[in-house]
Amino acid sequence: MSLHVESICVEIDGVTILDSVSLDVPTGSTVAVVGPSGVGKSTLLRVIAGIIEPTSGSISIDGVDISSLPVHERTVAMVFQNDQLFPHLDVSHNIAFGLDVTRPLMMRLVSSRRVRREWSKERKDRVTEMLDLVGLSGFEDRDTGSLSGGEAKRVALARALAPAPSVLLLDEPLTGLDRELHDRLMHDLGRILEKTGTTTVLVTHDVAEAKYLADRVEQLRACVHDPVPESP
Amino acid sequence: MSLHVESICVEIDGVTILDSVSLDVPTGSTVAVVGPSGVGKSTLLRVIAGIIEPTSGSISIDGVDISSLPVHERTVAMVFQNDQLFPHLDVSHNIAFGLDVTRPLMMRLVSSRRVRREWSKERKDRVTEMLDLVGLSGFEDRDTGSLSGGEAKRVALARALAPAPSVLLLDEPLTGLDRELHDRLMHDLGRILEKTGTTTVLVTHDVAEAKYLADRVEQLRACVHDPVPESP
Amino acid sequence: MTVSIAHRSRHGHGRTRSRLWSLPALVVITFTVLIPVCVLAFEVVEPGALRSALTRSSVVDAIRFSVWQALCSTVATLFIGTVMAWILARYEFRGRRFAAVIVTVPFVLPTVVVASAFLALLPAAIERSFTSILLAHVFFNISVVIRLVTPLWSVVDPDLMAAARTLGASPMQIVTRLLLPVARPAVTVAGSLVFVMTFTSYGIVRILGGPGLNTVEVEIYRRAVLFGDVSGAAALAIAQTLAVISVIAFITRRPTRELHRLGAQRRPAPRWALGTVSFVVVLVLAPLVAMSLRSMYVDGRVTTSGWSNLVGSPSPLMSNIDMPSVIIRSAGFALIAAAIAVPIGIAAAIGLAQRSGPLVRAILNIPVATSAVVVGFGILITYDTTPFDIRSAWWLIPMIHAVVALPFVVRTALPVVQSIPQGLRDAAAVLGATPLRRWWTIDAPLLHPAFATGLGLSMALSLGEFGATSFLTRRDSQTLPIVIDQLLGRAGETAFTTAMAASTGLMLLTALIVVTFDSSLRT
Amino acid sequence: SSSSVDATRITLVAYDSFILPEDAFSAFTESTGISVDIALSGDAGELAAKASLTSGNPEGDVLWGVDNSLLSRLTEADVFDPYVSTAAPIVPSLIEAAQGTVTPVDYGYVCVNYDIETLQRLGVAPPSTLEDLIRPEYRGMLVVPNAMTSSPGLAFVLATTVAFGQDWQQYWQQLVDNDLALSDGWTDAYYTRFSRHGGDRPLVVSYSTSPPAEVLFADPPLEQGAPAPTGVAAETCFEQIEFAGVMRGTDRPEAARLLVDYLISRPFQELLPENLFVYPANSEAVLPESFMRYTKSVLDPWRMTPEDIASQRVGVLEEWARITGS
Ligand SMILES: Nc1ncnc2c1ncn2[C@@H]1O[C@H](COP(=O)(O)OP(=O)(O)OP(=O)(O)O)[C@@H](O)[C@H]1O
Ligand SMILES: Nc1ncnc2c1ncn2[C@@H]1O[C@H](COP(=O)(O)OP(=O)(O)OP(=O)(O)O)[C@@H](O)[C@H]1O
Ligand SMILES: [Mg+2]
Ligand SMILES: [Mg+2]
């Protein structure tokens, strides 16, 4: 699926955060968005996901304008900069969340025992696979509150990857990991993105990472606005 | 002030997290602690700050055992890995928090108008100075909820530096910032630490950063424990 | 259009949608309280009634006394309540749940009963004085504070406190600079509810106050019932409601901050906490124990007649009171009331959390601030024409119970709703959860404590409700408090021990219900 | 809408403490085919206030329990369809008070009660008149329910106004000087202040029928033939009459009248003493054993017409509140 962002503007509390930003991500490719802190990278991802409504501009997937689609109907997964793990669910339920909520209600209610058993095995396998990927095998039952910073980050990544989304938004997914782990995960992630042909927008501050994972690097530039932002 | 950590052990829910860790930070020097994700770096800082009580071992500052001192009486400031900004205070009040709470009660009650005005000017200057340092001039009145990831990180750093503590614990203080900002802040931080002679423990995954800021780099090694941690 | 961070992801429908959330609650309150009171005002209140009421010295004295005692009671209750809330939220100790249940019980017992038990315990020196009113008000209302503040404090990230401590904040400063400000919305709401409850206090002031100490509420009742001056009473009541409502609308504007609840494990309780809890529990328990003892002891002699009367061996005293069905009816009403109050109350809290006009907030507070007599009169003359003659419909009583409980449900739920980080809902949405699924997978589990508290509280309130229940006309629908009142109206030792036994039964039933339904007390 | 009226059901509205045996109305239903719904609400004062507010569009068909202190308020508000039942003989003095609009159904007296045992222990003779109460030997002994909020309290004050005329205020001043105690309501006075039930005051304003209730509900039961533990000061009594009336606006006036007739019938009237602790208005009704034995006959109670009560009550109460500081 190709993602096309066309002259997006965002204003929050009267401050312009994004000023006519455009972005093109061809099907299956990865574009890295880089830029100084506070320039609006996370905001851009939120706009694409549909969490923030832009003041103007449009977003389309495969040429279809999705601007008016609600968040959950855009087939987009996202890793949030600050993880946003669900505090009331353990690690495995966090990871399986995307699978659980998109499972058709009918299926849960009327399917046969066998079908249900199969589904639950599939789900479990997927969780195990994801945990293996991020190097957290055995963490299934852990409370998210007890995870270390890097562990939480990896669970967030696993959660976004689990439903195998066709568009993936990654907001600094590998930040705060040690070099070795970072590099291993980067390679694995690159492999997965390529294999599944996922259309990806990656926000990162790591130039090497951007170069390795992305087909193209886009610089997001600060828009000219009131240099002293003020709260309302 | 010199910091001395002697064979600290920490067990949480029956899992050994730190196993006989020792650390020596001479007066005014900076020691970087590195190690893989989940090895217990943050836990070590928490133990030094007094937030977690170790199962065994001792911590001393200038040769005096502070193991039994409550957190607020240890003259130790800390930048948390996930910021922990106070949600009910704006940026300037977050930064001035350490100044505000340590201002003697007597002074607040009995001091003259002039003394109070002076104090409030000093406080304001300090906040401005800190904001300048982290590149967030003009952010005084901003709500912490509206900050970008990197901005929040910088406010957390400013908050820890503001009271000019004699021992500083930094848990990935510069992670998630763009290269340029990162390098500028790293230099400024190095300059400050040197000038004020602050005894510092720095946790980071960035080898270059560790080398630049620290006088010595310590590798924290995983303790041999049950490979499958389980929640209670 | 402008998107504000605080209201983001609501796709611009925030306004209309939040109205929809609050709508059921508003409708119920409008029909059961607002319209009747307005009708009363138009049909009965004569011009100048308020002015002439306000010029009476007894009314002026009552206003002065109401304000003064309510302020003192509120401060005292807030102090003890927040300390208790803190201990219950953050520390683990044996008997924590017991303590949490015990402090809830007084709030829902009929005032007549507990006030008499109180009277028996108080040293003669402070019997029937300002102090005794104060003590009783703390005793009755402490659970409001505990219930409102505890849920919020149990989701404060411990690291946030750690951060403050590393910056040099002493334990006291943690409280004054972090915990109280973070919980401020809940604390002010609790404070304003306690203020209203004590300002409009009726039974306690009448029984414990002694001569000369009257609240406006007592004055209203006197005018309405004793002097037959419904006009003056209604004028006074409406003025009181308006005044009280506008005062609280002002204090309770601030939203709660988003809080994260990262494994806020309870720590073992330190000594001071155990000491405080024991002290408060003993204080609360004493009148309750006195009451239960009184159901079994007469002049130091054990008797079972009170209890055997209850359990139903036929006796002249209980000839027409079918105890099992009274209990079943009480419990049934409590269930219905909770089934109405909890869903619409939580919905209203969600609406308020999104955006709250002062008007909506004020209306949601009206049931606490309006005297039962006046609402009763209003209903009586409003719904008196067929086919809307519902004056003696059986469901009117659980309905009114639900309305009485509604403000408490809304108020316990609101801070919890507000403390759920919006980011979690966004994350769920991005993973494909529809709004309904989002509600079900994120909001509902995180709101669980609010649901549980609301359920326990509204059932308990319904069980103990006396004023409105007694005033409305009932066929075959005595509830426990009414039976207790009937028993207390008779001479003879057995009548009294039976009343005390029934009160003890009510207390146990309340405790049972709170324990069963309020699972927030469990973990 | 009279065609849709179900003439086989009728509603009797009464105060909360109207508790009778389950089968109290079965005889009525058997003979007339009309079943009776009992609707209870509030105390007598609230009941009256509600009735006058809904005058003409009542909540039920027959009202039980307006007393002589409230009757005028209701007749002024035109609450009743005038109907004085003649189906049974009624104590003549009661009929007079009924103002030709309602039917007297029961009566009783509010009197000072005393705790026999405590008085004996203190070596003080029981009081018998109002004047006795201000004598020094009864200092600190009397507790009175607040007249502003309780009906026995009001009755007692009215008794003093009849007894002392112009001087009633002075009498109350003397009562206050004699360390009178005020309590909120009857329950509070009787069960927390009265020495019989653990309080410290051996004299309390209660009913003339409290002694039989003390016997019936004694715990443990008194021995056969033992005297009642409390007594009544016979010359302190104020007469309270309760009435039943057909409510104006009822859809079933005939049935309502039949019900009022039933309310004064002998079988029904004989249920009243031991259930409501009042004397039957029907002069032929036989008093139960407990009443015969344990109630003193009050020969010459203080009386006041409903009209006088209506015209004086507010003024008296305000004056009384001033004197007693309540
Ligand atoms: N309510 C607001 N008022 C003013 N400015 C706001 C508000 N909300 C967000 N901003 C600003 O919007 C800008 C963009 O934020 P965003 O989170 O998108 O930055 P970012 O590029 O992701 O930065 P980082 O690399 O630090 O995560 C920031 O400068 C932030 O301060
Ligand atoms: N309650 C618990 N039960 C089991 N393990 C726990 C618990 N709490 C923390 N841990 C583990 O303790 C280890 C140390 O955590 P810590 O936060 O100190 O790691 P870290 O070195 O800072 O890692 P990172 O670089 O990812 O921040 C982690 O593996 C974490 O999973
Ligand atoms: Mg960002
Ligand atoms: Mg860490």
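In what follows, chains are A, B, ... by sequence order, proteins preceding strands, each numbered from 1. What you see is a predicted model, and the numbers here were worked out from it, not measured in a lab.
When each of B/Arg179, B/Glu140, B/Arg154 is scored by its heavy-atom pairs under 4.5 Å with chain A, the top score falls to B/Arg154. Between chain A and the residues B/Gly149, B/Ala152, B/Gly35, the most heavy-atom pairs under 4.5 angstrom are made by B/Gly149.
Every salt bridge (charged side-chain N to carboxylate O under 4.0 Å, His left out) that B/Glu218 has, sequence neighbours left out, goes to B/Arg216.
Atom NE2 of A/His205 sits about 12.0 Å away from atom CD of B/Glu180, to the nearest 0.5 Å. We find the CZ-CG distance between B/Arg142 and A/Asp13 to be 8.5 Å, quoted to the nearest 0.5 Å. The CG atom of A/Asp178 sits 6.5 Å away from atom NZ of B/Lys41, with the distance rounded to the nearest 0.5 Å.
Shown here is B/Glu129, whose CD atom has more than 12 heavy atoms of other residues, nucleotides or ligands within 6.0 Å. Within a 6.0 Å sphere centred on CD of B/Glu11, heavy atoms belonging to other residues, nucleotides or ligands number more than 12. Counted within 6.0 Å of CD on B/Glu53, heavy atoms from surrounding residues, nucleotides or ligands total 12 or fewer; the atom is thus considered open.
Looking at every heavy atom in both residues, B/Gly150 comes nearest to A/Ser37 through CA-OG, 3.4 Å. When every heavy atom of B/Gly38 is checked against every heavy atom of A/Glu151, the shortest pair comes out as CA-OE2, 3.5 Å.
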